[in-house]
Amino acid sequence: MSNFDFDAIVVGGGHAGIEAALSLARIGRSTLLVTQTMDSIGRLSCNPSIGGLSKGNIVREIDALGGEMGRLIDQTMIQFRILNRRRGPAVQAPRAQADKFAYNLLAKKTLEEQKNLHLFQDTVTDLLLNSAGTSVEGVVTERGRRFTAGAVVVTTGTFMEGKIFIGEYVTSSGRLGEPAALGLGKALREKGFTLGRLKTGTPARVHADSLDYTKMDIQPGDDQMIPFSFSRRTLERPDIPCHITYTTEETHRIIRENIHRSPLYGGQIVGTGPRYCPSIEDKVVRFPDRIRHQIFVEPEGADTREVYLNGISSSLPEEVQEKFLRTLPGLEHVHIIRPGYAVEYDYIDPLQLYPSLMTKRYRGLFFAGQTNGTSGYEEAAGQGLMAGINASRYLDGADPLILSRAEAYIGVLIDDLVTLGTREPYRMFTSRAEYRLCLRHDSADMRLTDKAGEVGLARPEALAALTEKRRGMDEIKELLRATRLSADENRSHLERFNGRTLEQLLKIPEVEVDEILPLIPGYHGFPREWLRQAELDIKYEGYIARQDLQIRRFEKMEKMKIPEGFDYNRVEGISHESREKLKSIRPVSLGQASRISGVRNSDIAVLMVLLNRKGPAGEGNDGSENPAL
Amino acid sequence: MQDLGYHQDDKICALATGWGQSALGVIRVSGEASLSALETVFSRPRALREASGNSLVYGYILKAPGGDPVDQVLVAVFRGGRSYTGQESAEITCHGGIPAVQGILESLRGAGFRDAAPGEFTLRAFVSGKIDLTRAEAVHEIVTAKTSRAHDLALHRLSGSVEARVNTVKTRLVKMMSALELQLDYPEDEVGDEILPAPEDAGAERRELEDLSATYRAGRLYQEGIKIALTGRTNAGKSSLFNLFLREDRAIVSEVHGTTRDYLESWISLAGIPVCLIDTAGFRDADNSVEAEGIRRSQEISRESHLVLYLVDGAEGMNGEDRKVWENREQSGVLVVWNKVDRAEAQDFPEGVFPVSALDGGGFDALQQEILRRIHGDELRMAVDSGQAVIDSARQKRLLDRAVEALGHVESGLRDGAPLDGVAMDLREVLDSLGEITGEVTSAQILDTMFSGFCVGK
């Protein structure tokens, strides 16, 4: 490998590319990042926000694993909220409005300052393979440059053969104003990969001064900003409100009248769009009974007058967009700066990947991000980070780092992709995680930072902070356990609980940690986040214990590993369909096999019988047999 | 899991009917090329080779290829995919005597078959996708069922009625789950609280599952049967009553002597429930030196029994010991039977005893009704009679109870305004448990528990 130009090459500078490149470089790999447009690194192509339900958890997981996204948003947010506070600890999540331009600049600066990382502007059009055609050895660019490396991470987002639609207008592009990456999709198909087409869309950006905010509801941020990054305790950033308005019956009428001009309904777009994030055309057609749809009006940054209209993405012709937008309260005189559009792009069927995100076809080749069929910055970044870590592990010949479904949303995300594949842009939901009580955003560091340490990615200060937090949490819990409410405290509304410990008190739903802390003699204060976490641990102890039981059952199946190269042709008694699925997906464990759609339970039972027959050897995970994962 | 490390396709054989003297026996064989192996010890190999699936071939099983006949048999031929196990297989109906069965199995072993492990036929049926878990369990019970009512119950379940009932509940719970998840997947300001499930809905489903779980007792009752001990003083008429039971209700297992020859037991069918009737006669017949031992044994049997019938000799009236039992009857649950009411001197009996005449059968019907009333409540009886699904495997009971418990958490969570993510977790637990009942969820423990309870040949 020493005669390669680099240890690793990352193709693309979006949210996946950033994490992949930084993690490789930080572990100490000489890394090249090739991107088409240097100025677009880390661009927020769609909504100007990071986080949200389950996505906020992913951001904090990325941070806990030594990734960058949390640190980037912490320094560029212009509003912060915790969503779903009322609906339970596991599903509440942080969300921040980002200053789009500041975010983009900071991402670029971070890459530029990273040791071991080289940046280069060009378009990758093909891959270099070894002579046997079994592993990747580098990339070829549009301008004919050839760079060699032992590992390549492809994070091309929506750019591979990207096509933009605005009404009848169609152009080859990955993002409005930026050319598509042509050639790579074709090269991958020629190399045997299955690629599909997906579609996504974005709404118009409009001028703030053309809006009448007095006709909209205001949506302020929380009083207190909580950093996404575990390496920060507090955060002081500007707080700019968002606004809410609604579509009207008139809006819907205009859309219906012009639906034939939509490339989605006119048949020009073949790619599948996200069911969960439909365009306004989709909403109007699919929910004809709804008299209005909620639209969030979000600032694109602190130093711009551009405003993002969340919830009304459209690929109708520009004049139609302007016409229907003007039917929304507060938007009567709206001035569009950039129209909404749909983008259709190549994605690789993620069933062709191992859980490490390496392709089954070529060793050393990894795919991450939207190009794997996902949607969302956070989902992309999480994959980019894991692909970077595992590309580095691969270069060392070490076992990949695979996060389980009970360990991280990122684990759920990747397991879903490589086990079930996806036919529409995959977005994370809390409901995709079976064990979400254990995947709270506040516990991401406790779950994951040690792992980052093991792969050489955790910052020393993060490991130190975690040790300190663990000690602090123990101390807090011990204090709550040991302190009894005595009669002389005599706080009126808690008086009836005299004699009980503070821990017992905290289990009462309406009692919050803040009100009982002053009851601790000589209390000297702990960081708020620790207290809150200790409170949730105690309050939901019963639920968490039950969840732990479920996880133990789940892990039994996960621990039954299927050896690499297991010959499904020799397994008697399984259905043809199952056999074909198992052969193509090549699950690494019985647990993963059981989640493959179309594989019957009885087939899993047969496998279980066969794997059991191997005795302890079949049961134990012999990772050394399985270097390719 | 004990014996699941076997090959799936090798040739196995086993007696599918009970060991012992009976008119007919059925020996099962299954596995790849099992029919051609069978041909080698069959008197009409060509007839067997040419037989189509699901047909019968008459002939003799031979001691060895070309050897002497062992027994005259009918072979039911099943071609691959169409058999119980999903594999090529056959069922050999032979004469039921132990020598014939032994002889045939010997020949089969010589022809390359090995003895099947317990549950192996059903395991093969399960792994080839022929049956789901509840059906696999039902098979187990059909073959061990002691009376025809038990047989019906098992058959009913084999046709999937437990599965159907569980699935009905599950469908409604999945809807509830989606409503919950919708709340959790979208922010509060986008989706309101209007579609939250009501705690009453969870309660209704919980009761439904509780009802199903409660049928376990009835299921077991019909499956395993109960023990009834006949006790009382010597000459109170225990043996006569015992014989009356045997005469009135068809004895389904032949009379056998107790291990120590000091008591008799016999299986009878009482309204479809298998009853093991134990006559403790003989305890007191021995001389005084063993009387103490006799009392001890008698007490032991009574303790192990579900119901004790204490016979009083009505012609003699109660003596001191009888009176003790009589006064203690509420506490002990002993049913006091006043025998010999056919005699004039036995007419003066106290209220609360069951007067019968073991001699002419007088009062016997009322006694049987009382026994039934005592061994299962009216509700269970109704559940069974109405042909509802009845569970009788411990695995299903355990899973149902787990679902009921979790559903209780869901109910209280919704009522007390617990965080929805916690409620959703409990609901998922319910769904997982129900899924495991029908085998939709494969967890490592299912097979562990499933196939270990089977007998050879099933």
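Predicted, not measured: the structure shown is a model, and the values here were computed from it. Residue numbers begin at 1 in each chain, while the letters A, B, ... track the order of the sequences.
- For chain B, the nearby part of A:Arg427 is the side chain; its heavy atoms alone come within less than 4.5 Å.
- In the displayed structure, A:Lys507 atom NZ is contacted under 6.0 Å by more than 12 heavy atoms of other residues, nucleotides or ligands.
- At most 12 non-hydrogen atoms from other residues, nucleotides or ligands lie less than 6.0 angstrom from CD of B:Glu405.
- When all heavy atoms of B:Asp421 and A:Val91 are compared, the pair lying nearest together is OD2-N, 3.2 Å.
- In this structure, no portion of A:Gln92 lies under 4.5 Å from any heavy atom of chain B.
- Counting non-hydrogen atoms of other residues, nucleotides and ligands closer than 6.0 Å to CZ of A:Arg292 gives a total of 12 or fewer.
- Evaluation of the ring-ring contact (aromatic ring centres under 6.0 Å, His included) rule for A:His243 yields A:Tyr213 as partners, not counting sequence neighbours.
- With a 6.0 Å radius and a threshold of 12 heavy atoms from other residues, nucleotides or ligands, A:Arg286 has its CZ atom above the threshold.
- Here the closest non-hydrogen pair linking B:Gly413 and A:Tyr543 is CA-OH, 4.3 Å.
- Across all non-hydrogen atoms, the minimal contact from B:Arg428 to A:Ser431 is NH2-O, 3.3 Å.
- If you measure heavy-atom distances from A:Ala593 to chain B, you find no contacts under 4.5 Å at all.
- Of the two parts of A:Ser54, neither the backbone nor the side chain holds a non-hydrogen atom closer than 4.5 Å to a non-hydrogen atom of chain B.
- Looking at A:Tyr540, only its side chain comes within 4.5 Å of chain B, counting heavy atoms on both sides.
- With sequence neighbours left out, A:Ile596 forms a side-chain contact (heavy atoms from CB on, under 4.5 Å) with A:Thr419, A:Lys581, A:Leu582, A:Ile585, A:Pro587, A:Val599.
- Residue contact with chain A, scored on non-hydrogen atoms closer than 4.5 Å, is absent for B:Asp416.
- Taking CZ from A:Arg546 and CD from B:Glu429, the interatomic distance works out to 8.5 Å, rounded to the nearest 0.5 Å.
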